[in-house]
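What follows is a set of notes on a single structure, which appears directly below.
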Amino acid sequence: MRNLAYPLQFTFKVTTIANDFQAVDAHGNTIAYVREKIFKLKDNVDVYSDESKSQRLFNIKANQWIDWSTSYKMTTDDGQPLGRIGRKGWRSMWKATYEIFDGQDQKEFHVSEDNGWVKVADGFLSEIPLLGMFSGYLFNPSYSVYDNHGTKVAQIKKQKSFWGRRFTVDQLMPMNPAQEERVALGLMMMILLERRRG
């Protein structure tokens with residue numbers, strides 16, 4: 001999953017019980033099919049080459065039961081470490097904040113929600129009968145990825161849709177192939193968690 005053609009599109013399936021989505025590149029080619037295992041005490045996500053799930057590429061697994069400081073280890077199918085993504089504890093109560101680490105556990109990027117009020121408004125409106133069905137058209141949070149120098153390198157944004165199921169990832173600055181892979185995997189895990197929050 002390297003040398004990706006941006007923008008990427010993450011589209012969640014709404015017809016399955018599992019929390020899964022397809023990732024395609026700018027040419028419409030499937031680059032990954034992401035499936036969260038259900039009924040697990042710890043979050044466990046498999047990333048496949050396509051929807052057939054015949055070839056697993058990566059695994060993302062929580063280091064502990066769900067809490068504010070859970071970290072998610074990213075590995076290849078054969079268990080080689082690629083890095084991890086972790087939520088920044090209580091700071092994420094207001095604006096979602098995550099950190100992405102490389103394979104040597106060195107902080108490489110941080111991800112920050114651009115506007116915390118958007119999620120508040122989205123959550124409030126979604127609880128109102130009838131009006132809640134349209135929150136996916138009105139409130140669309142976005143998250144920016146920054147390197148250690150504070151340079152914005154990528155952004156993921158929820159697109160207007162009835163079920164709030166489409167997200168677009170744009171690369172804003174070049175990254176090396178390993179970094180690009182870590183950021184893509186990290187955003188895949190992050191968006192699963194953020195959709196769960198509402």
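Using a 4.0 Å cut-off between charged side-chain N and carboxylate O, Asp43 and Lys61 make no salt bridge. In summary, Arg35 and Asp46 do not engage in a salt bridge, as defined by a charged side-chain N under 4.0 Å from a carboxylate O.
Of all heavy-atom pairs between Ala5 and Asp25, the closest is O-CB, 3.3 Å. The minimum heavy-atom distance linking Ala26 with Tyr6 is given by the pair CB-O, 3.3 Å. The two atoms that bring Glu180 and Met175 nearest to each other are N-CB, 4.2 Å, heavy atoms only. The two atoms that bring Gly186 and Ile85 nearest to each other are O-CD1, 3.3 Å, heavy atoms only. In terms of heavy-atom proximity, Ser54 sits nearest to Asp50 at OG-OD1, 4.4 Å. Scanning all heavy atoms of the two residues, the minimum distance from Ala62 to Lys42 falls at O-CD, 3.8 Å.
Rounded to the nearest 0.5 Å, atoms CD (Gln179) and CD (Glu108) are 4.5 Å apart. Atom CD of residue Gln155 and atom OG of residue Ser142 lie 4.5 Å apart, to the nearest 0.5 angstrom. Distance OG1/Thr168 to NZ/Lys157: 9.0 Å, rounded to 0.5 Å. For the atom pair CE (Met190) and CZ (Arg87), the distance works out to 10.5 Å, reported to the nearest 0.5 Å. Taking CG from Asp114 and OH from Tyr143, the interatomic distance works out to 9.0 Å, rounded to the nearest 0.5 Å. To the nearest 0.5 angstrom, Thr70 atom OG1 is 9.0 Å from Met189 atom CE.
No donor-acceptor pair under 3.5 Å is formed between the side chain of Glu181 and the backbone N or O of Ala178. Side chain of Asp77 to main chain of Phe58: no donor-acceptor pair is present (N/O by atom type, distance under 3.5 Å, no hydrogens or angles). Distance alone, capped at 3.5 Å, places no donor-acceptor pair between the Asp170 side chain and the Ile156 backbone. Using modelled atom types, no side-chain atom of Gln171 and backbone atom of Pro7 make a donor-acceptor pair closer than 3.5 Å. At least one donor-acceptor pair under 3.5 Å links the side chain of Asn148 to the backbone N or O of Lys107. In this structure a side-chain-to-backbone donor-acceptor pair under 3.5 Å is present from Arg182 to Leu82.
A donor-acceptor pair shorter than 3.5 Å cannot be found between the side chains of Glu113 and Tyr98. A donor and an acceptor atom, one from each side chain of Thr30 and Gln22, are located under 3.5 Å apart.
Put simply, Met188 and Phe101 are part of two different groups of oily side chains (I, L, V, M, F, W, Y) that touch within less than 4.5 Å, one to the next. Side-chain heavy atoms closer than 4.5 Å link hydrophobic residues (I, L, V, M, F, W, Y) into clusters, and following such links, possibly through other members, connects Leu185 to Val153.
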| request: Take Leu187 and Val111 through the test side chain to side chain contact (heavy atoms under 4.5 Å, CB included) and record every step on the way to the result. | output: CA-CA 9 Å; Leu187 291 178; Val111 186; 4.3 Å; yes
| said: Between His110 and Ile100, is the side chain to side chain contact (heavy atoms under 4.5 Å, CB included) condition met? List the steps. | reply: CA-CA 6 Å; His110 75 272; Ile100 298 175; over 6 Å; no
| Can you check side chain to side chain contact (heavy atoms under 4.5 Å, CB included) on Leu192 and Val34, steps first, answer last? | CA-CA 10 Å; Leu192 284 170; Val34 182; 4.1 Å; yes
| request: Show your reasoning for whether side chain to side chain contact (heavy atoms under 4.5 Å, CB included) applies to Asn59 and Thr75. | output: CA-CA 5 Å; Asn59 178 256; Thr75 61; 3.8 Å; yes
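Contact check for Val169 versus Phe10: side-chain heavy atoms found under the 4.5 Å cut-off. Residues Lys13 and Glu51 are in side-chain contact: their nearest non-hydrogen atoms beyond the backbone lie under 4.5 Å apart. Counting heavy atoms from C-beta on, the side chains of Thr76 and Leu57 never come closer than 4.5 Å. By the 4.5 Å heavy-atom criterion applied to side chains, Arg165 and Thr11 are counted as neighbours. Val183 places a side-chain heavy atom less than 4.5 Å from the side chain of Phe109.
Screening Val47, Leu8, Val24 for a side chain to side chain contact (heavy atoms under 4.5 Å, CB included) involving Ile31 leaves a single residue, Leu8.
Stacking of Arg84 on the aromatic ring of Tyr72 is not recorded, the 6.0 Å distance cut-off and the 45° axial limit not both being met.
Ring geometry, Phe21 versus Phe12: the interplanar angle falls from 30° to 60°, so the pair is classed tilted.
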